[in-house]
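Report on the following structure.
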Amino acid sequence: MPKVVAGNWKMHYGPAETANYFARFRPDANPESVSLIFFVAGLSLHAAKTSARVPVELGVQSIHWEPSGALTGETSAEMAAEAGASFALVGHSERRHVFGETDAEVGRKVAAAVRAGLVPVVCVGELLEERRAGRLAEVLRRQVSAFLPSLQGGGRFMVAYEPVWAIGTGETATPQDASDAHGIVREALGELGRAPILYGGSVKSGNATALMSAPDVDGVLVGGASLDPEVFTKIAMAGDSAGGSTGGGSAG
Ligand code: PEP
């Protein structure tokens with residue numbers, strides 16, 4: 001299966017900057033080896049769709065669980081799908097820790113994504129103090145069990161393991177840390193444990209190959225380093241090599 005290389009642009013790049021970006025993003029990658037996903041601002045979906053020069057899939061960074069309503073400023077899963085998204089990030093650590101999103105809300109958002117035909121990419125990950133206290137497995141199991149019931153009716157999904165201490169900090173989990181955490185997530189997913197699990201947290205062009213070649217790592221979710229089209233091209237090509245090789249985990 002192809003490795004997944006996903007970029008989370010966060011609150012960057014409106015339509016014009018999106019078009020400029022894709023004029024410079026031209027990896028010579030084999031879609032059978034690497035699958036490229038961009039989580040862009042909802043307002044830039046159309047620009048991304050019309051300006052990408054290589055096959056990419058698009059997603060939004062957050063959705064509300066209601067299909068419509070008096071919820072000023074929110075975007076429903078149905079609206080995102082209609083505007084060109086195929087994927088939705090759910091439970092990103094900035095949503096959990098800056099905007100106070102709860103495990104229960106993450107579960108409702110996963111259900112909404114499935115209802116609208118979007119593929120949820122559900123983020124899980126521990127705080128530094130939780131890791132230091134030896135609570136990694138407990139935290140990951142709790143986060144997974146909160147959204148698992150939303151997937152029982154079927155539907156494609158992915159999980160992104162993103163240790164909070166590694167997001168935007170320059171600190172990266174080692175490939176072994178990532179493999180270990182992915183093993184815990186896979187076990188917690190039970191019969192759905194063959195879903196792709198991505199690693200996220202300060203992925204750069206220099207560490208992407210090692211991370212994507214680690215057992216049980218099916219791809220990467222990249223924040224800061226996805227904002228530079230030349231750097232992200234290198235990460236896409238690292239996915240292309242890792243996906244084409246026989247050494248890494250499989251995105252089953
Ligand atoms: C992210 O935003 O999901 C992320 C992993 O960010 P960064 O790569 O900048 O750590």
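Atoms within a ligand are numbered from 1 in the order they appear, just like the ligands themselves. If you read the sequence from its start, that first residue is 1, and numbering goes on from there.
The shortest distance between side-chain heavy atoms of Trp9 and Phe38 falls below 4.5 Å. Using a 4.5 Å heavy-atom cutoff, the side chains of Phe87 and Pro120 are not in contact. No side-chain heavy atom of Val90 sits under 4.5 Å from any side-chain heavy atom of Phe147.
Met158 and Leu89 fall within a single hydrophobic cluster, where Ile, Leu, Val, Met, Phe, Trp and Tyr are joined by side-chain heavy atoms under 4.5 Å apart, directly or via other members.
A heavy-atom cutoff of 4.0 Å around ligand 1 is satisfied by the protein residues Asn8, Lys10, His92, Glu162, Ala166, Ile167, Gly168, Gly200, Gly201, Ser202, Leu221, Val222, Gly223, Gly224.
Ion pairing between Arg141 and Glu138 fails under the 4.0 Å rule for side-chain N and carboxylate O.
Other residues sharing a hydrophobic cluster with Leu71 under the 4.5 Å side-chain heavy-atom criterion for ILVMFWY residues do not exist; the residue is a singleton.
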